[in-house]
Each structure stands twice: as C-alpha cells, then as structure tokens.
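Letters go in sequence order (proteins before strands), and every chain restarts at 1.
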Amino acid sequence: MHKKFDSGEIEKKWQQIWEEEGIYNVGERDNSKEKEYVLVEWPYPSGNLHIGHWYAFAVPDIYVRYKRMMGKQVLYPMGFDAFGLPAENAAIKRNLDPKAWTNDNIAFMKTQLASMGNAFSWDKTTSSTDADYYKWTQWMFTEFFRKDIAYRGKGIVNWCPGCNTVIANEQVLSDGTCERSGDVIEKREMPQWMLRITKYADRLTDDLDPLDWPEHIKEAQRQWIGRSNGATLDFKLSTGESVTVFTTRPDTLYGATYLVLAPEHPLVAQNEANISNYAEVADYVALAKQKDEQDRLDTTKEKTGVKLEGVTATNPALGEEIPIYISDYVLASYGTGAIMAVPAHDERDGAFAKKFSIPVKQVVAEKIVFTGISAPKPEKETLVRECVDLMIEHPTNGQFLVQKEVDGTHTHIHFVGGGTDGESQVVAIGRELEEETGFTEYEIIGDVVTTSQGHGYRHTKDKNQLTISSFYHIKLKSLDQKPSELEDGKHTIEWVDKSEVKNLLTWEGHQKGWAAFTEGQIFTGTGVIINSGEFDGLDSETAKEKIVEKVGGKMSSTYRLRDWSIGRQRYWGVPIPIVYDPEGNAHPIPKEHLPWHLPEDVDFKPTGVAPLAKSEELKKRTESIFGAGWTPEVETMDTFVDSSWYFLRYLDNKNSEEIASLAHQKDWMPIDIYFGGAEHTTMHLLYSRFWQKVLFDLGLVTENEPYRRRLNRGLILGPDGNKMSKSKGNVIDPDEHVKRVGADTVKMYLAFMGPYEGSNYPFDLGGIAGVRRFLERVNGLSEHIVDVAFDTDKLLHKTIKKVSEDITTFKFNTAISAMMMFVNHVEKNGITTGDYETFLRVLAPFAPHLTAELWVAAGKTESIHLTKFPEADESLIVDDIVTIAVQVNGKMRGTIAVSPEASEAEALEAARHSEGVEKYLTGEIRKVIYVPGKILNLIV
RNA sequence: GCGCGGGUGGCGAAAUUGGUAGACGCGUUAGUCUUAGGAACUAAUAGGGUAACCUGUGGAGGUUCAAGUCCUCUCCCGCGCACCA
C-alpha cells in the first residue's frame, strides 16, 4: 500500500545516528573477516556536489553495504584531491587565500557527502593539501630523483595559455586542446621536470594482460603506450657519419630506396657544410617548426620535403647509394627521428616517392592462401576437387560467375574455369579461358599471383579445405557468349553477387585487393620476400630477424608514450622538493626538511613565470638551510602526482614515519574494485600504475599492480539527453532532488537507470518519481502482513538470489526491478512478518535510511546495517509447476503448466488438451522435441 | 585507416546464455474515487488487422526442431589511437 513519508526527516535522523555511532568506520583490520577494498576516485572539492558525484559515490555504496552485510570488512574511504587550478583561479577572482578557500570547500563538501548517507570509512580520510600528505609526495619525488626516475629534461613541451603552465601529453586532447581549459596547446621549448614513465612502458603494457579489467580499458592503455616492435638499423652516410632508423619492417630493407630525416634531426644542422642546398633545407626546417601540430598531423595533405643535396646514404643490405630527404611526415619525437623509406610497401613513403619521382622497388609479394570450403557439413564429406582459378567478373554489375555442383549432399561452388596446369602466363590464361568458356573479350584485372610455392592449388591438412596459391581475376568486356555453354547436367552456372561469393568462400587477404602485383599499388601487408637476394622465398616474419642480423641491426621496440612532464608554473600545488647549488646543480631536499612547505607570501597571479619565484620566504628558507647562493626550485607538481598514491595513504593516514606501512598494505591491498570515470583511462589510471611500480621497485609497496578490478561508469546526461552544461540550462541539481524525494530515492534512481558500467543515461524526472513511488509502497508494505501468504516466500528467495547476483555483477538496475516485482506480488498476496523483515534487509543496501526506519518500526533494536544479508533458500527456489511454451513446427502456439520433471508423454498429453495448441495438431506428429522445464516442440 | 564497444517499443532498458522477445520503470490511453493533485487505484499499451491470424530485435544470407543470442557478409552509431615508420 502506498504510504508517503518525510524522507528529509528520516534521513537527517539516521545520518546523525550513524555519525555518532561511527558504524561505518573500519578501524583496525579484523582478521576474522575477509577484507574488501572498494575505491572511488577522490573528488576535487569544488564546493558543489553535482549529480555525477552522486552517481560516482552513492551507487557503489550499494555494493559496499552489500559486502558489509555479507560479513566482509569493507574499506570505503573518501578524501580530497584539493590542489590544482580551480582553487587558485577562484582565489584570484575573489582575492582569497587558496588554502582557506579549499578548506572551506572541504568542510562544506563533507556535509554534502553526508547527505548521501553513504557508508564511507571517514576514519581513513586524507587530503592531498595536508602537509603530512604532501610531505610524502615530496619524499617519494626525492627518492625518484635519486633513482633517475625524476629528471630535469629538455625539449618541447605543451604550454597551455589558458592555464599559464606546461601540461603533460596525456592532458592534451586529440584535437590539440587542453583537457582542463579547452585552450589550444602551444609547443614551447623549455626545461621541464619529467618522470621516466617510458622506462616502465613494457611493464605497463605486459602487466595489463592478467588484470581482471574490462578489455576496452586495457586496450586503450596499450594503444596509448603504443609499443611497436621492430628494429633499429644503421645507414652509413657519405660524410662518414651514420643514421639510425627505426622500422617495424626490416624485411623490406631491400626495397628501401631513400632515407627521410625529421626536419629537427641533429644530423641536418651538423651537416650544414656538406649539404649543397642548405639554404633551401634551412627554410624548410624553419617552416616545419612554425607549423602547428594540427597541420602536421593532417594525413590528407600532400607530402612535402627537401632532398639533401651532396649527402647520401648506403643501403646496408645492397650497398647501393640512396638519397636522403627531410620531411615533416617524419616526427623527431618518435623512434629515432629517421626512417628508411620503402615506397613499394608503405603508403606514406609511396606517396612521397611518387611526388619526388624516387624509384620504387617491390620486395614483398602477397601470399594468397584462400581456404575455400564447399557448402555445409565439412566433417561428412571429402572435398572440392577443383576450385577457383578463374574468377570471371560480369562486365557491368560486378557479379561473379560460379559453377554449382549439386550431388545430393552438398553444393560445391566453383568459380568457372579450373584445372590449371600450372602455367601462369596471361597468354595461357587467355587461351584456357577461350577454350573452356568461349569468352573472347575480357581483361585481366589482377595479374598472376606468384608465390614461392608455385602455382596451382593443394589440399591442406584439413581435408575439407583447399589452399589455392594462384588465381586469376578476369573481367569480361562484353557478354556476347552465354555461360550456359558450360552446363552439363550436373553443374549449373550462375552469376552471383560478390557478397555471396564471400559467403561461399572465405579467404585471408581479400580485403587487400585481388592480387599483389597491380601496378602502382602499395602493398603494406606481409607475405613472401622477393627481389632480396638470399632471402627470396622466406616469409616476412622469418626474414625480419635474418635481415637485421645480416646488416648488424638490433631488434627493438619503440613507444608512443612520452615521459610524464610534471612541473607546473603555478602556485597551488606541491612544491617540487629540489634546491640548486650555486653552480646550478639540482639536489633533493633531505627528508628532515620535509614537508617543504608551500610558501604563503606569494602573489600567485599567473604570469607564465612560476609564482614561487617571488617568495622571499622560500628564498631565505633555502639559504638558511643550504647556504648562501643556493636557490629553490619554484615549480609545483602536476596534481596527477598527488592522486597517484592516495589509495595507499588511506590505509595508514596517520603514519608519520612512512607513506603507509607494509603491514597495513598487506592488510588491504590490492584494491578489489576501483570505480571511476572513463576520462582517467589514460591519465590517472596509467600514472598511478606507473607510480605503484616505481614504489614496488623501491620496496615501498607490496603490490606491483594496485587495482585488481576496474569499472568505468558512464555519464548522467541532462533530461534532454545532452551533456549537462550551464549554457544548455539542463543541469540537474542533486540537492534539490534530495530535498524533494530523498537521498534513498536519488541513489536508487541512479542505480535503476541501466547497468552501472559504460553507458550514459539521461536524467528523467518521471523516472525518479517512479522510484519514489516504489519506496512509498515499501513504506506501506507492513500493512500487507498476514499469517499465510501465497507463494510470497518462494518469490522472496528468488529475489534474494537475483539481487545478490546482480549486485556482484554491478547490474543494480535488474536487482531493483526484481524487488519491484516482489513488492507488486506482496500487495496482491500478502507477506508474513518474518519475510517482511527479510525483505527489508534485502533492500537495506539500496535504501539505507528508509529501511533503518522501518526496521526500528518493526521493533528491532540493532541497526539493520549491522545485520546479515539474507541467504537464499535454494529449496524454496525450485518450482514444482512451471509454464512452458508449446511450439508446433517451431511456432509458438500455446503454453502448458507441468512439473519440471514431467515426462515427455505427460507433457504431450497436456499439450493435446491445451487450447490453442490442439487445433494445430491436425496431422500425425512426426517428431517431438522436449526439453523439460523449457519447451515442447511438435513437428507435424 | 587500425583497435575496442554497441544497434531490441514513444523513452531508459530486460531476456535464466540457443528455448514464451519487450521483465521492471517512465510515458501514453481508458476507467474508479464529492476528486482539482506533480495524488492513489484498476486495466490496456511492439506493429498491422473487426477477428482468426500475420509481421517483428539495423540489413542480407546461413546453421538448427527452435536464433535477439551461433556462423558469413553488410550498413549505421559511440569510444580510443592515428603521417607513430
């Protein structure tokens, strides 16, 4: 029965009780229980809790509460990632102290978080801005510096004009704008503090494999790291120097007809004296530098470049002289900044060679392995004797001529022709075609495919498959003869669509084109090596290593990943704990001087110069500790550094001796499930894995990988289906809805919209009312209490099972739907007192406030949240009568109610008497398919 | 271009993993209550047809007694990467 309630009053009351009793604090590890570490990404304290925070924290709370009720000791900590630009920008705007602004926001945000009624482990909280937190951030940095993981790098960095600071590669979006401010990133050359994440590239890639993460997240990280395996090869120059190139295709070395250097390649400037057209070259280099990233990345534009006159290289395989070019299609920052160009087998090289009329040399032929399978049931029959070698294409409609042979068991599909004797000349084909088909006007589209295995076809080990190593694609010019000439009674000749041909035969490589040798075509696949001296006939993969060995190269990998630039020319962050001696050498600040406090006597308005440079206090502090002439580092750290280890600090948040003791880590690590946003896939998630690995190598952590499982939730969209934004006026204010319908309703509604993983959902104002209505019905459920309730206990135990399963697979939506069905049933059939109390415990993780209230109303004294989650009684779940579908000739014609163990005869008998079925049972029943408890299908 | 996900009512979505497609909720329609509310309850709600029935999970084929689910091809959408050698 529907019964309204004052959610505001109930929720306030229980939140207060929970806080006073501290029932969600975890305290010390209790080894009598299993541990569960549930992590959500700590928020930035913007001072305004939005609906996304609700989705991020309140929905996982269902899982947390469930696990607690299942008897686990659950750590569900919450903290604040409080350094960063918003505080600084707000402080500038309002002329405030960022520290005070941040602390006020944290305090306010805590009250907002309390309104969620989540089971947070507040006793384990921390904040990145606390000095006893950033002390450890700094200390780790100094350790990293000593191990050469942190270094002062040179080179080109991303400058965000909006943020007035350098940012990392990961923080630049693919359109070249800043992830935070949306401003277009400029390239600047300036010294930078970097972390050597590239040193961990292999481990960051390889260690993904065993992780129980969604494949798409792992794949995104792999792509971001972008390992490619290949080799470095040295090319001698006419000047006596040598150039190292990186290539993934050393097997094409014999086809390398020129070299290309990035315009910024050091050898260009070094050879000013040797390059006769240096003026032209210098102009091009200057032009390339000016171009912004966008231009350079535009793949559609035409290739440009300049030949280095007077300098040549030697192809180490052939000993031939080849020219050298510079071009901006070669990036200085990737590989070695130089490539060997193989125009026959690389699209870009091919395009460049065409424009500059550089010779093209083919060194790889496509190996065609077509495995043709005749129609069905391969295991029954032997094979197609003859198969394709003439593929005859219709002059106008693109169809292919095939020969079908029907022998009763299956259909053989042939392309017309066949029976080649191994001759490969076009003439021979033409002759054969004329003889066999009478076609006289045709053109050969694909040339003969040559492979090391010669021509013809052969059976593979699998007797049902046929391997063809040559074939001919012929297009008719006109249709002056009818293909019917080929019909012989057993075979029919038909034109079929290309798509049907593909249906009948699958083959590897068909997407690459019909043949390897079409003039002007660039074949980028692997295959059989040709025109490469002693390596002819090998396949590409084998040839790679052998060719590298011959020319003294080295197999190696290169990565897309760049080192992590962490220095920020802004104020509100962790000061980089480095001081410089009078000679300018960097020294880490010893542990006894940490935390190296962020100075407060600073005008932090952004000027592009680090604000800390203006601090007199910092200058004095440095000199008084280290001596006259010593100067402090004035940059602060990227806030992604702060968040790279916060989950460790939660474990031991008051430890003044270590980041977190190994004993505490052993208690809780690894994190069992990490809920977060997709935007962190290649930022925070990658950085923190890297950080953990460095700590692991330093012996400071127990785990090589921090997160056992990861789940990316989706986004809550505005009611109009668009991303929420102030300008669109579609922003949902959670506080307003909490006030109106309560936290339990908002939380359950968010959980009810769809599976927690992946998708984005529009916030529907009608939908949230539906959930509130459900809770009001639960509130009135006690009025349905009876002594005997029809089947309610059965449904209850099914519901328990369903809810348990769904929570553990993060399908909260179907868990809620199951509970709704249960309530619908109770309203019609009643419920016993015991079952009512059991149901409240099932609902408790979803609606903690209301269930706490109803629990007390039912006369209980212990908190419902300290009770056990009900266990499903399997004996009650089994049905004694089930409704199964009856099909006649595969069509649904009715249902029958029978026992799941009913015999076929019993089911059949029931079906005969079933209305709707019997009228279809006119003829004799030829076959009965009966799956007990599932279906009865009668073939008449 | 390459790599991952997805396409099911008016909407968000279910479907025991090959066995009654559309659970649950929203919305809509009709009705009930001296009823004016952003209330509750009852019933209907994939489409077509008076009906019996027919058609339906992006499209085309296939396998099967039986396909949203498996296979082949194809179209579209989202995300990641992309002159990365």
Counting just side-chain N and O atoms, does [X] come under 4.0 Å of either OP1 or OP2 of [N]?
{"X": "A/Lys891", "N": "B/rU55", "result": "yes"}
{"X": "A/Arg222", "N": "B/rG3", "result": "no"}
{"X": "A/Asn824", "N": "B/rG25", "result": "yes"}
{"X": "A/Asn889", "N": "B/rC65", "result": "no"}
{"X": "A/Thr248", "N": "B/rC84", "result": "no"}
{"X": "A/Tyr761", "N": "B/rG12", "result": "no"}

Within the structure shown, what part of the strands sits under 4.0 Å from [X] by heavy-atom distance: base, sugar-phosphate, or nothing?
{"X": "A/Asp349", "result": "nothing"}
{"X": "A/Thr883", "result": "base"}
{"X": "A/Gly335", "result": "nothing"}
{"X": "A/Asp764", "result": "sugar-phosphate"}

Worksheet entry | Salt-bridge criterion met for A/Glu757 and A/Arg713 (N-O under 4.0 Å) |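 No, no charged N to carboxylate O under 4.0 Å.
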Look at A/Glu219 together with A/Arg222 and state whether they make a salt bridge at an N to O cut-off of under 4.0 Å.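 A/Arg222 and A/Glu219: salt-bridged.
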Any side-chain heavy atom of A/Phe356 within less than 4.5 Å of one from A/Tyr258?
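The answer is no; the side chains never approach within 4.5 Å.
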Discussion item. Any heavy-atom pair between the side chains of A/Thr526 and A/Val364 that's under 4.5 Å?
Written reply: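 A/Val364 vs A/Thr526: side chains apart.
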Choosing from [options], which nucleotide comes nearest the side chain of [X]?
{"X": "A/Trp224", "options": "B/rC83, B/rC81, B/rC26", "result": "B/rC81"}
{"X": "A/His216", "options": "B/rC4, B/rC24, B/rU20", "result": "B/rC4"}
{"X": "A/Arg777", "options": "B/rA85, B/rA13, B/rG25", "result": "B/rG25"}
{"X": "A/Ile929", "options": "B/rC54, B/rU20, B/rC65", "result": "B/rC65"}
{"X": "A/Thr814", "options": "B/rC84, B/rG3, B/rA14", "result": "B/rA14"}
{"X": "A/His2", "options": "B/rG25, B/rC84, B/rA40", "result": "B/rA40"}
{"X": "A/Pro755", "options": "B/rA13, B/rA85, B/rG19", "result": "B/rA13"}

Both distances below 3.5 Å, Watson-Crick or wobble geometry, any strand: find the nucleotide opposite [N].
{"N": "B/rU72", "result": "B/rA60"}
{"N": "B/rC79", "result": "B/rG3"}
{"N": "B/rU17", "result": "none"}

[X] [atom1] to [N] [atom2]: how many Å, rounded?
{"X": "A/Lys798", "N": "B/rA14", "atom1": "NZ", "atom2": "P", "value": "21 Å"}
{"X": "A/Glu347", "N": "B/rC84", "atom1": "CD", "atom2": "P", "value": "11 Å"}
{"X": "A/Arg227", "N": "B/rA85", "atom1": "CZ", "atom2": "P", "value": "13 Å"}

Distance-only side-chain donor-acceptor flag, A/Tyr334 / A/Ser228, under 3.5 Å
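On atom types as modelled, these side chains qualify, holding a pair under 3.5 Å.
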Looking at the base of B/rG3, is there any donor atom on it, or on the side chain of A/Glu219, that sits under 3.5 Å from an acceptor on the other one?
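Donor-acceptor pair under 3.5 Å: no.
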So which atom in A/Val842 and which in A/Ile800 form the shortest heavy-atom distance, rounded to 0.1 Å?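 Closest approach of A/Val842 to A/Ile800: CG2-CG1, 3.7 Å.
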